[in-house]
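Beneath this line is the structure, given in structure tokens, with notes to follow.
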2 protein chains.
Amino acid sequence: MDRIDHKLLNLLQRDAARTNADLAAEVGLSPSSCLRRIRRLREGGIIDRIVAILNPAKVGRVLKAWVTVELKLHGDQHMRRFLTLATAEPAVATAHAVTGSVDVVLMLHLRDMEEFDALCERLFRDNTNVARFYTMTVIRTAKEDMTIQL
Amino acid sequence: MDRIDHKLLNLLQRDAARTNADLAAEVGLSPSSCLRRIRRLREGGIIDRIVAILNPAKVGRVLKAWVTVELKLHGDQHMRRFLTLATAEPAVATAHAVTGSVDVVLMLHLRDMEEFDALCERLFRDNTNVARFYTMTVIRTAKEDMTIQL
DNA sequence: GATTACGATGCAATATTATTGCACAAGCCC
DNA sequence: GGGCTTGTGCAATAATATTGCATCGTAATC
């Protein structure tokens, strides 16, 4: 993991559709060396996967929201059960168990408020283990990378 | 945007490194047709970009945390200024202005607590416009897709 | 109902790109 | 220095993407 690897990772996090020859030129290597480095990064699990990022608005997911959740019962079983419920929902993009004033943080990608309402019904109101939840609707997205600057 | 497009998008969100022939077989199309669909999806902006997702732990970003921020002054200028500060930080993965009990939600990818401390110093304590901030450290990640199920 | 126009499809040819074998050079340990 | 490992570039090869073209199905128009 030297300087060139870092450079490659930064480039690939921005655009992984470029040709290998292109990348090689930018980092100052021959295509074959460059390819071998990238393969090493993939096989070593440094690069977890290559994915397509969709434009949420163009596929009808215009609303984004954070929801923080307080559970009533905090045992591992109860936490696990709630997380299972949450991850099963297509609208739930991320679900994390956290420390702090709440127990779970969810990120939602929604079509409209109706979908949100339905989701709440399933996830919060029916489930007796949710003590309280706080919704934060996104007004503006200033940054949204899964990128890790190296 | 028919059934096949949806299928392609779902597959590409999971793994965009597959060969076109592979994808074509899975959705039941010839390679050429499949390729033309994918190109249309890219050119139409449905597919925003293709990126490499790194394994945070393998590049030394072992801590993940959410921080919700309350600002003192809520004008557009002040909001904008804070978001600019935040997005400039490499450790800040996402930054959103939101409605609700707080004004901004940040997602952080951190090396260690020292980095967190330094970040707080720059972003929260020095900046007089932050009234309060709440840190939620991630214990467990149950789901973390940027994927949008279609 | 026939006809036209349009878009999507598959096949085959071609162009691009990834991949591998190999020889060489740099760094490192003994 | 000698042997070892690791990374490199070049050139040949394999794999893959891309394009041109004929065809098919569908829907709109007359």
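All values below were derived from every heavy atom in this structure, side-chain atoms included, with hydrogens, water molecules and symmetry-related copies excluded. Residue numbers begin at 1 in each chain, while the letters A, B, ... track the order of the sequences.
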Whole angstrom value for the distance that separates P of D/dT6 from CE of A/Met1 | 18 Å
Between CD1 of A/Ile38 and C1' of D/dG7 the distance, given in whole Å, is 15 Å
Separation of A/Arg42 atom CZ from C/dA18 atom P, in whole Å?
-> 11 Å
Touch check for A/Arg37, heavy atoms < 4.0 angstrom, all strands: base, sugar-phosphate only, or nothing?
-> sugar-phosphate
A/Asp76 and B/Arg140 ion-paired at < 4.0 Å = yes
May I ask you to decide whether A/Asp5 forms a salt bridge with A/Arg37, counting only side-chain N to carboxylate O separations under 4.0 Å?
-> yes
Starting at atom CG of A/Asn20, determine the distance to atom P of D/dT16, rounded to an integer number of angstrom.
-> 15 Å
Residue whose nearest DNA chain C nucleotide is more 5′ - A/Ser32 or B/Ser30 | B/Ser30
Answer with base, sugar-phosphate or nothing: what part of the nucleic acid does A/Arg39 contact at a heavy-atom distance below 4.0 Å?
-> sugar-phosphate
Flag the pair A/Lys7 and A/Asp2 as a salt bridge only when some basic side-chain nitrogen lies within less than 4.0 angstrom of an acidic carboxylate oxygen.
-> no
Spacing of B/Asp22 atom CG relative to C/dA18 atom P, expressed in whole Å | 17 Å
Evaluate the side-chain proximity of A/Arg125 to A/Asp117: yes if any heavy-atom separation is below 4.5 Å, no if none is.
-> yes
Could you tell me whether a side-chain N or O of B/Lys143 sits under 3.5 Å from a main-chain N or O of A/Ala93, the two making a donor and an acceptor?
-> no
Atom-to-atom span, CZ of B/Arg18 to C1' of C/dA18 - whole angstrom = 18 Å
Output the single nucleotide from D/dT19, C/dT19, C/dG10 whose closest atom is nearest the side chain of B/Leu29.
-> C/dG10
Within the structure shown, what part of the strands sits under 4.0 Å from A/Thr19 by heavy-atom distance: base, sugar-phosphate, or nothing?
-> sugar-phosphate
Record whether the side chain of B/Arg36 comes under 3.5 Å of the base of C/dG10 through a donor-acceptor pair of N or O atoms.
-> yes
Any donor-acceptor pair under 3.5 Å joining the side chain of A/Ser33 to the base of D/dG7?
-> no
Separation of C/dT9 C1' from B/Asp2 CG (nearest whole Å) | 13 Å
Can you check the B/Leu23 CG to D/dT16 P distance for me, whole Å?
-> 12 Å
